[in-house]
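Comments concern the structure below.
To find a chain, count down the sequence lines: A is the first, B the second, and so on, and within it residues start at 1. Keep in mind that what you see is a predicted model, and the values were worked out from it rather than measured.
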Amino acid sequence: MKSDLLTKLNKQQLLAVTNDSGPLLVIAGPGSGKTRVIVHRVAFLISEKQVKPDEIMVVTFTNKASRELKDRLNGLLGQYDASRIISGTFHSIASKMLRINGDSIGIANNFSIYDREDQISIVRQACELVEVDTKRYNPSIFLSIISNAKSKMIDPILNQATSDSLFDKLAANVYLEYEKLLHDNQALDFDDLLLRACTLFEKSPLVLADLQNRIKYLLVDEFQDTNFVQYKFAKQLTGDSQNICVVGDPDQSIYSWRNADLRNILNFQKDFKNCTVVKLVENYRSTSNILNASQALISQNSNRITNDIETYNPEGTPIELHVAENEYDEASIITEKIKKLRLEGFSYENFAVTYRVNAQSRAFEEAFVRNGVPYKLIGALKFYQRREIKDIIAYLRIIQNSNDDNSMLRVINVPPRGIGERTVTALKNLANLNGDSVCHALLNLDETVLNIHKNGIKSLKNFQGILNEVIEESLSDHSLTSLLDKILSITGYREHILRELEGSEERWENIGELRSIAGQFDDIQPNEALNAFLDQVALVTAEDDPSSDSNESVTLITLHQTKGLEFPVVFIPGLEEGLLPHSRSMDSFDEIEEERRLFYVGITRAISNLYLSWSKYRTIFGTTTRTIRSQFVDNIPENLLKIVNTNKFQLEERSFTKTTNLFDQQNLLPTINEGDKVEHFKFGKGVVVQTIPRSGDFEIVVAFKVNGIKHLLSSVAKLKVLE
DNA sequence: ACATATGACGTTTTT
DNA sequence: CGTCATATGT
Ligand SMILES: Nc1ncnc2c1ncn2[C@@H]1O[C@H](COP(=O)(O)OP(=O)(O)OP(=O)(O)O)[C@@H](O)[C@H]1O
């Protein structure tokens with residue numbers, strides 16, 4: 001066993017695995033065995049250093065990665081129970097801590113966790129309360145401002161005091177009200193889970209000390225995509241032992257839009273001055289063709305930290321670049337390729353089609369269905385955000401947390417039971433008057449105070465009865481499944497669904513699926529089962545989706561979600577300006593570079609075959625437009641690319657190299673000079689600090705008030721000069 | 001109160 | 001193009 005543990009590692013990996021005390025930073029490129037280091041390090045600590053599994057915490061990027069880690073550990077060390085290590089995403093670990101210890105900072109253990117949809121609904125309510133017109137301002141803008149503030153630990157009250165512009169003040173008010181509403185609903189959003197866990201550590205030194213005592217070793221995978229709060233969380237947990245090991249690759253940082261902050265890596269080296277830094281330099285995954293292409297691509301980025309990486313793997317087959325007429329053509333080219341390669345010995349699960357936006361999956365699904373190619377779609381419309389699932393979850397949440405008005409109001413009339421808008425408002429007002437939740441208001445209903453039609457009262461009484469029965473069932477010692485069944489039967493949800501014209505069968509099947517997932521919690525205490533089940537539901541990461549179970553099928557997946565995965569054959573379609581890089585991420589060099597990293601992550605997933613493609617025409621929002629080949633294709637040396645044009649009409653496409661001057665002509669703006677005050681629709685106001693000529697264009701460096709320094713291209717950025 | 005029609009609006013990426 | 005929230009009719 002010991003041999004297995006240490007022989008399958010190279011010298012640097014060995015160093016990282018056996019360096020068993022003090023802080024450790026592993027920075028290394030793709031396929032260099034970072035994940036392997038984590039697995040073996042944990043195995044080493046357990047089997048050679050007598051560390052108990054439950055003294056080790058490993059933070060992974062997805063829940064699936066956690067499960068795989070445990071599986072691999074169990075394979076490596078038979079006699080220890082690796083499933084006892086503490087492992088999960090930051091969010092799921094924090095949530096568990098709050099359920100256990102949250103009461104010491106005033107968080108009841110039955111809090112609800114709000115997902116994006118719930119959050120939007122709360123933002124809407126907040127807007128209404130502070131009289132912000134949601135038609136003028138999109139609620140999701142506020143949501144991203146709030147999330148950004150939270151992941152930088154900006155307090156809403158402080159925030160309100162320091163904001164000056166009109167919009168900032170508006171946003172600050174919405175933020176404050178949003179917090180109040182979450183509190184009323186006894187709910188936490190994703191950012192709260194991390195934030196409150198940190199507060200818990202600060203406010204309850206005893207809790208923290210206890211955790212620090214128990215957790216002897218902390219490991220964090222994909223460290224390049226952690227945000228400020230997550231890093232703080234990890235730092236706090238580490239305590240004096242400083243046995244913290246973080247592993248990452250700055251070149252694979254692709255979640256800055258979710259507030260991930262690369263500075264964490266730099267700060268780590270400052271915060272842990274004595275940290276050991278290990279760099280891995282060999283790629284074990286890809287052919288040298290693929291690796292060389294990836295290195296050429298990423299070398300275009302500035303301010304890189306990761307060292308270059310090399311491989312002793314064979315050259316492999318050439319990377320192909322296919323030009324398609326439109327997205328359907330593109331899908332059939334790829335389908336044909338899959339069929340052909342399968343005859344050469346690949347099986348369906350060896351293939352992944354990796355794209356920039358979920359909408360791209362459609363053409364592939366259609367082509368695959370037509371050709372009988374089995375596939376699994378990762379992510380897209382997630383199981384748990386389907387309407388029918390969310391309805392049932394809402395019922396469960398009401399049982400879990402009767403203060404969850406948002407869930408209560410979601411299903412108060414689902415299925416329709418005669419409780420209309422007027423009745424709901426009356427009930428809501430009554431609840432407000434008594435400073436009570438809607439659920440309590442209903443359960444303790446005094447109908448004489450409500451001046452509504454008697455039919456309304458009757459409907460409310462009816463629903464009161466329903467709720468009471470469900471509550472009674474939840475208080476019995478029956479399983480979660482029987483609670484679910486009770487909800488389904490007493491509300492008549494099945495009939496409600498089957499009444500619908502479209503997709504009703506599928507909807508009911510989904511409920512069946514939910515029921516069987518709930519069944520997995522039947523052997524836990526019913527009381528805890530509900531919390532555990534709802535936590536899992538709220539914190540699922542894409543690949544836990546039940547629809548992605550099937551093996552022996554081609555994977556359809558966004559580039560973001562391919563992080564950490566590998567496939568023998570990878571297709572990257574849609575290499576067009578506006579798609580990759582995406583049009584919404586072309587406003588600054590930073591954004592373009594992150595898009596480039598995304599492409600880089602995609603390329604480096606491939607083990608042996610890589611197929612790139614783009615379509616000359618693509619239909620977006622129903623309109624078909626001529627496209628331009630992605631600038632990133634030009635970053636890959638020609639000698640590594642085999643250009644394949646299967647088209648019947650073979651026109652000279654070669655003239656479309658480089659970003660064409662589509663914008664340049666009309667946009668020769670009144671020249672922007674250093675010192676000018678400018679406004680950008682996204683980054684806000686700022687001052688031009690530098691202008692640098694760039695082949696017929698200008699790079700403009702702007703110091704934005706809120707967003708800091710950005711490098712913009714004058715032809716692309718919509719800069720307004722302010723007087 | 002509820003079902004259907006209409007129009008605005010939007011898509012990166014997700015814990 | 002499709003979804004969703006709001007407006008309209010029954
Ligand atoms: N020392 C080694 N000898 C042989 N194969 C190795 C070694 N280390 C890792 N590998 C293999 O290389 C591949 C990539 O390893 P791993 O997933 O750990 O890399 P990674 O650095 O986490 O990659 P990425 O950052 O791209 O997700 C895996 O298939 C792994 O089994």
Side-chain angles (χ1 to χ4, degrees), chain A residues 59-65 88-95 113-117 119-121 124 134-136 138-141 143-144 147 150-151 188-194 222 225-227 229-230 253-260 354-362 378-382 384-385 387 412-424 452-453 455-456 458-459 496 499-501 535 537-545 557-563 574 578-587 591 594-595 597-599 601-602 618-624:
Chain A
V59 183
T60 57
F61 201 72
T62 63
N63 295 310
K64 189 184 173 213
T89 61
F90 276 108
H91 291 91
S92 63
I93 291 173
S95 172
I113 300 174
Y114 275 7
D115 66 14
R116 201 188 144 79
E117 198 187 331
Q119 293 182 67
I120 292 279
S121 147
R124 281 214 141 83
T134 49
K135 284 198 180 103
R136 269 192 67 193
N138 188 301
S140 59
I141 294 176
L143 201 54
S144 69
S147 175
K150 286 191 179 185
S151 30
L188 302 181
D189 65 21
F190 290 127
D191 297 307
D192 282 336
L193 294 174
L194 308 165
E222 307 284 5
D225 274 322
T226 52
N227 67 28
V229 185
Q230 290 170 329
S253 161
I254 52 176
Y255 281 89
S256 72
W257 50 273
R258 214 172 70 188
N259 308 311
T354 67
Y355 38 76
R356 178 66 238 259
V357 299
N358 283 309
Q360 283 174 266
S361 73
R362 204 178 155 151
I378 310 287
L381 213 197
K382 290 211 208 82
Y384 292 105
Q385 51 196 52
R387 195 177 74 230
I412 194 165
N413 200 33
V414 179
R417 52 175 74 90
I419 306 177
E421 201 184 349
R422 292 183 68 88
T423 317
V424 171
I452 51 170
H453 199 268
N455 281 340
K458 216 173 111 199
S459 306
H496 167 61
R499 222 173 290 138
E500 289 183 24
L501 310 155
D535 266 15
V537 167
L539 301 173
V540 269
T541 52
E543 292 157 277
D544 307 322
D545 200 310
I557 191 169
T558 61
L559 286 163
H560 281 92
Q561 300 199 87
T562 61
K563 180 195 270 272
L579 196 52
L580 184 64
H582 196 274
S583 52
R584 311 257 302 215
S585 288
M586 296 173 76
D587 298 320
E591 287 181 322
E594 180 147 319
E595 293 290 300
R597 288 195 292 271
L598 194 52
F599 185 30
V601 168
R618 186 169 295 273
T619 307
I620 300 162
F621 297 149
T623 49
T624 305

Return the set of residues passing salt bridge (charged side-chain N to carboxylate O under 4.0 Å, His left out) with [X] (not counting sequence neighbours), or none when no residue passes.
{"X": "R417(A)", "answer": "none"}
{"X": "D191(A)", "answer": "none"}
{"X": "R116(A)", "answer": "none"}
{"X": "R618(A)", "answer": "E330(A), E576(A)"}

Kindly write out the residues that satisfy side-chain hydrogen bond (donor to acceptor under 3.5 Å, both in side chains) with [X], not counting sequence neighbours, or none if the list is empty.
{"X": "T619(A)", "value": "T624(A)"}
{"X": "E594(A)", "value": "S256(A), R597(A)"}
{"X": "N227(A)", "value": "none"}

Which part of the nucleic acid, if any, lies within reach of [X] when heavy atoms closer than 4.0 Å are counted: base, sugar-phosphate only, or nothing?
{"X": "N413(A)", "result": "sugar-phosphate"}
{"X": "L193(A)", "result": "nothing"}
{"X": "R362(A)", "result": "sugar-phosphate"}
{"X": "R597(A)", "result": "nothing"}

From D189(A) atom CG to H91(A) atom NE2, the distance as rounded to the nearest 0.5 Å: 8.5 Å
Upstream residue (5' side of DNA chain B) when I419(A) and F90(A) are each assigned their closest nucleotide: I419(A)
Earlier contact from the 5' end, DNA chain B, for L598(A) and E421(A): E421(A)
Close side-chain approach of T423(A) and S459(A), heavy atoms under 4.5 Å: no
Nucleotide range of DNA chain C lying under 4.0 Å from chain A heavy atoms: dC1(C) to dG2(C)
Nearest-angstrom distance from the residue atom CD1 of I378(A) to P of dT15(B): 12 Å
E222(A) CD - dT14(B) P separation (whole Å): 15 Å
Any [X] side-chain nitrogen or oxygen under 4.0 Å from OP1 or OP2 of [N]:
{"X": "T423(A)", "N": "dA1(B)", "value": "yes"}
{"X": "Q561(A)", "N": "dT13(B)", "value": "no"}
{"X": "N259(A)", "N": "dT15(B)", "value": "no"}

Between the protein and nucleotides 6-11 of chain B, list every N/O to N/O distance that falls short of 3.5 Å.
| residue | atom | partner | partner atom | Å |
| --- | --- | --- | --- | --- |
| dG10(B) | OP1 | N138(A) | ND2 | 3.3 |

Of the listed nucleotides dT13(B), dA3(B), dT15(B), the one nearest the side chain of T89(A): dT15(B)
dT13(B) pyrimidine/purine six-ring stacking with Y255(A), under 5.5 Å and 30°: no
